[in-house]
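Residue numbers run from 1 in the order of the sequence given. Fair warning: this is a prediction, and the values are worked out from it, not measured in the lab.
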Amino acid sequence: MLEQIHLLAAVTILGVLEQAYFFLQVIYARRAFGISPPKISGPPEFERIFRAQVNSSEYFPIFLALLWQAGLFFHQGLAAALGLLYLYARYCYFMGYRTSSSERLAPIYFSTGVLWILLAASALGILHFFLSHYMGLNILQLLTA
């Protein structure tokens, strides 16, 4: 069983480490700008770092769910590769947003596109499972026949 999920687990750990890095960046920004919790407003430089971290945290559960569904029901290798692309795009998003709010746009569009691909792979994999398991239809055999 572990050989069927090891790539997904590795990408998950990388994602958790990335989230931890983003959290640390907010802590460092709080110290640099003298902004104590629970305050979330301050200079634009702080607010951009804070928003980048919050936005990334909001999308993380969606990413994890789609990563694992696509990996389990469609293809682990493809899902893991897409997961790495997503994490890289999120890193570029964070660094871009930290610099300027306009620098976040290209990476956010790219990471959203990756999520849509993971969603499509998940849906196709789950559909294939239901059709083959409950109706005895093997789409792959039908397509290659």
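Atoms CD and CZ, from Gln53 and Arg48 in turn, are 15.5 Å apart once rounded to the nearest 0.5 Å. With values rounded to the nearest 0.5 angstrom, Ser101 atom OG is found 12.5 Å from Arg51 atom CZ. Separating the CG atom in Leu118 from the CD1 atom in Ile62 is a distance of 12.0 Å, to the nearest 0.5 Å.
In this structure, Leu87 is a member of the same hydrophobic cluster as Leu66, with clusters built from ILVMFWY side-chain heavy atoms closer than 4.5 Å. Hydrophobic clustering (side-chain heavy atoms under 4.5 Å, transitive across Ile, Leu, Val, Met, Phe, Trp, Tyr) keeps Ile117 apart from Leu7. Leu2 and Ile13 fall into different hydrophobic clusters, where Ile, Leu, Val, Met, Phe, Trp and Tyr residues are linked whenever their side-chain heavy atoms come under 4.5 Å apart, directly or through other members. When the side chains of ILVMFWY residues are joined at heavy-atom separations under 4.5 Å, either directly or via intervening members, Met95 and Phe23 end up in two distinct hydrophobic clusters. Criterion: ILVMFWY side-chain heavy atoms under 4.5 Å apart, direct or through other members. Under it, Leu85 and Leu105 are not part of a common hydrophobic cluster.
Across all their heavy atoms, Gly42 and Ile35 have their closest contact at CA-CD1, 3.8 Å. Counting all heavy atoms, side chain and backbone alike, Phe46 lies closest to Ala29 at CD1-CB, 3.8 Å. Summarising the geometry of Pro43 relative to Phe33, their closest heavy-atom pair is CG-CD2, 3.7 Å, with the distance given to 0.1 Å. For the residue pair Leu82 and Val114, the shortest heavy atom distance occurs at O-CG1, 3.3 Å. When all heavy atoms are compared, the tightest approach of Leu67 to Leu8 is O-CD2, 3.7 Å. When all heavy atoms of Ala89 and Ser111 are compared, the closest pair comes out as CB-CB, 3.7 Å.
With hydrogens and angles ignored, the 3.5 Å screen pairs no side-chain donor or acceptor of Glu47 with any backbone N or O of Ser41.
With contacts defined as side-chain heavy-atom distances shorter than 4.5 Å, the pair Arg30/Ile40 qualifies.
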* Trace of the side-chain contact (heavy atoms from CB on, under 4.5 Å) decision for Met135 with Phe130 -> CA-CA 7 Å; Met135 300 181 75; Phe130 281 135; over 6 Å; no
* **side-chain contact (heavy atoms from CB on, under 4.5 Å) between Phe73 and His128, worked out** => CA-CA 8 Å; Phe73 287 98; His128 177 262; over 6 Å; no
* To do: Could you go through the side-chain contact (heavy atoms from CB on, under 4.5 Å) check for Val16 and Phe60 one step at a time?
  => CA-CA 9 Å; Val16 169; Phe60 195 61; 4.2 Å; yes
* To do: Evaluate side-chain contact (heavy atoms from CB on, under 4.5 Å) for His6 paired with Gln76, printing each intermediate quantity in order.
  => CA-CA 9 Å; His6 67 284; Gln76 178 188 202; 3.8 Å; yes
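Residue pairs that meet the ring pair (Phe, Tyr, Trp, His ring centres under 6.0 Å) test with at least one member in residues 100-127, sequence neighbours left out, do not exist here. Applying the side chain to side chain donor-acceptor pair (under 3.5 Å) test to every pair with at least one member in residues 19-28, sequence neighbours left out, gives these pairs: Gln19-Ser57, Gln25-Arg98. Within the structure, the ring pair (Phe, Tyr, Trp, His ring centres under 6.0 Å) test picks out the following pairs touching residues 78-98 (sequence neighbours left out): Phe22-Phe94, Phe63-Tyr86, Tyr93-Tyr97.
When the shell of 6.0 Å around CG of Leu24 is examined, it contains more than 12 heavy atoms from other residues, nucleotides or ligands.
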